[in-house]
Amino acid sequence: MREISIPEQRVCERLGPLLREREIGESLGDLNTQRDLHASFEFFLSEVVREVHAEWKYESLDGVYPRLFRKVGDREMELIGLAIFISDQTLTPIWFGLQLSPQFDRVSWIDLRLGERMENGCRREPYSHGKVHGTKLHVLERLESIDWFYHVGYGERDS
């Protein structure tokens with residue numbers, strides 16, 4: 001069994017209660033008002049990408065802004081929206097799902113898609129309040145057609 005990191009522990013501690021008290025299909029609330037969970041996602045998701053992509057040695061996320069944040073299964077959530085690269089404060093699409101273990105003490109499965117592949121590399125839109133709180137670059141409407149720049153994950157999803 002792999003070792004659990006502090007960012008993963010924090011995600012479990014903060015996400016577990018939300019998943020326990022919500023029904024499948026329900027919103028998990030406003031991530032912007034849940035500062036501890038928001039920060040936990042930033043560190044944990046950066047760590048997940050870093051495990052596979054060497055160029056992330058000096059990169060991180062500096063924000064995750066959901067358009068959709070909901071419980072989708074037993075101990076499982078989904079988030080669709082935008083993320084900010086810390087290096088240049090630009091926005092890019094993000095879509096991830098994760099499932100906590102039956103004990104709610106670790107992430108047993110994650111599927112993370114980050115960044116949209118464009119002709120000249122990964123889509124990086126200048127940050128603006130309107131983009132974050134407005135259309136969210138229409139990520140939800142284009143979800144299935146996005147060519148994801150990063151796609152990483154691990155574990156097996158429980159049915």
Side-chain angles (χ1 to χ4, degrees), residues 1-22 24 26-117 122-125 127 131-133 136-137 139-140 143 146 148-158:
M1 185 175 279
R2 66 179 176 74
E3 190 174 318
I4 185 169
S5 67
I6 291 173
E8 182 177 353
Q9 287 175 346
R10 297 284 190 284
V11 165
C12 295
E13 291 167 1
R14 287 152 178 86
L15 185 59
L18 288 175
L19 291 173
R20 284 185 183 102
E21 63 191 37
R22 301 292 200 309
I24 293 173
E26 275 189 78
S27 170
L28 292 174
D30 181 3
L31 189 57
N32 292 321
T33 63
Q34 301 172 45
R35 295 283 182 213
D36 288 343
L37 179 57
H38 190 251
S40 299
F41 278 148
E42 291 169 14
F43 288 106
F44 176 63
L45 297 172
S46 296
E47 182 178 83
V48 169
V49 178
R50 200 171 290 123
E51 288 178 16
V52 177
H53 296 280
E55 68 268 27
W56 272 71
K57 183 175 181 178
Y58 301 108
E59 184 63 271
S60 285
L61 296 179
D62 191 28
V64 177
Y65 299 96
R67 172 98 186 269
L68 182 71
F69 181 42
R70 65 182 176 175
K71 179 175 179 174
V72 293
D74 188 32
R75 306 177 326 273
E76 188 177 340
M77 51 92 17
E78 173 183 49
L79 184 146
I80 302 166
L82 298 176
I84 298 178
F85 290 109
I86 201 165
S87 60
D88 61 6
Q89 296 295 290
T90 55
L91 297 166
T92 200
I94 188 169
W95 176 21
F96 73 94
L98 65 79
Q99 185 177 60
L100 300 182
S101 70
Q103 297 78 25
F104 289 85
D105 65 345
R106 65 182 10 190
V107 173
S108 58
W109 169 83
I110 185 167
D111 182 20
L112 169 62
R113 296 157 197 252
L114 176 67
E116 183 174 6
R117 188 173 313 283
C122 184
R123 182 176 192 158
R124 291 175 175 262
E125 295 288 329
Y127 174 89
K131 284 183 181 164
V132 168
H133 300 289
K136 301 273 200 266
L137 299 174
V139 174
L140 197 56
L143 194 60
I146 293 174
W148 295 97
F149 198 84
Y150 298 104
H151 184 191
V152 296
Y154 61 80
E156 291 191 29
R157 187 184 209 172
D158 295 341

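Remember, it's a predicted structure, so these values are computed and weren't measured experimentally. For this chain, numbers begin at 1 and follow the sequence in order. Below, all heavy atoms of this structure are taken into account, side chains as well, without hydrogens, waters or symmetry copies.
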Determine which pairs satisfy salt bridge (charged side-chain N to carboxylate O under 4.0 Å, His left out) with at least one residue from residues 48-60, sequence neighbours left out, and list them in order. Glu59-Arg124

Taking only residues two or more places apart in sequence or in another chain, which ones pass side chain to side chain donor-acceptor pair (under 3.5 Å) with Trp95? Glu78

Results of salt bridge (Lys or Arg N to Asp or Glu O under 4.0 Å) for Asp74 - residues two or more places apart only: none

Which residues pass the salt bridge (Lys or Arg N to Asp or Glu O under 4.0 Å) test with Arg20, sequence neighbours left out? none

State which residues pass ring pair (Phe, Tyr, Trp, His ring centres under 6.0 Å) with His151; sequence neighbours excluded, sorted by chain then number. none

Which residues satisfy the salt bridge (Lys or Arg N to Asp or Glu O under 4.0 Å) test with Glu26, sequence neighbours excluded? none

Side chain to side chain donor-acceptor pair (under 3.5 Å) partners for Arg75, two or more places apart: Asp158

Could I get the full list of side chain to side chain donor-acceptor pair (under 3.5 Å) partners for Gln89, not counting sequence neighbours? Asp62

By ring pair (Phe, Tyr, Trp, His ring centres under 6.0 Å), Phe96 pairs with (sequence neighbours left out) Phe41

side-chain contact (heavy atoms from CB on, under 4.5 Å) with Glu21: which residues, sequence neighbours excluded? Leu18

Apply salt bridge (Lys or Arg N to Asp or Glu O under 4.0 Å) to Glu42 and list each qualifying residue two or more places apart in sequence or on a separate chain. none

Going by side chain to side chain donor-acceptor pair (under 3.5 Å), name the residues that satisfy it together with Trp109, two or more places apart in sequence or in a different chain. none

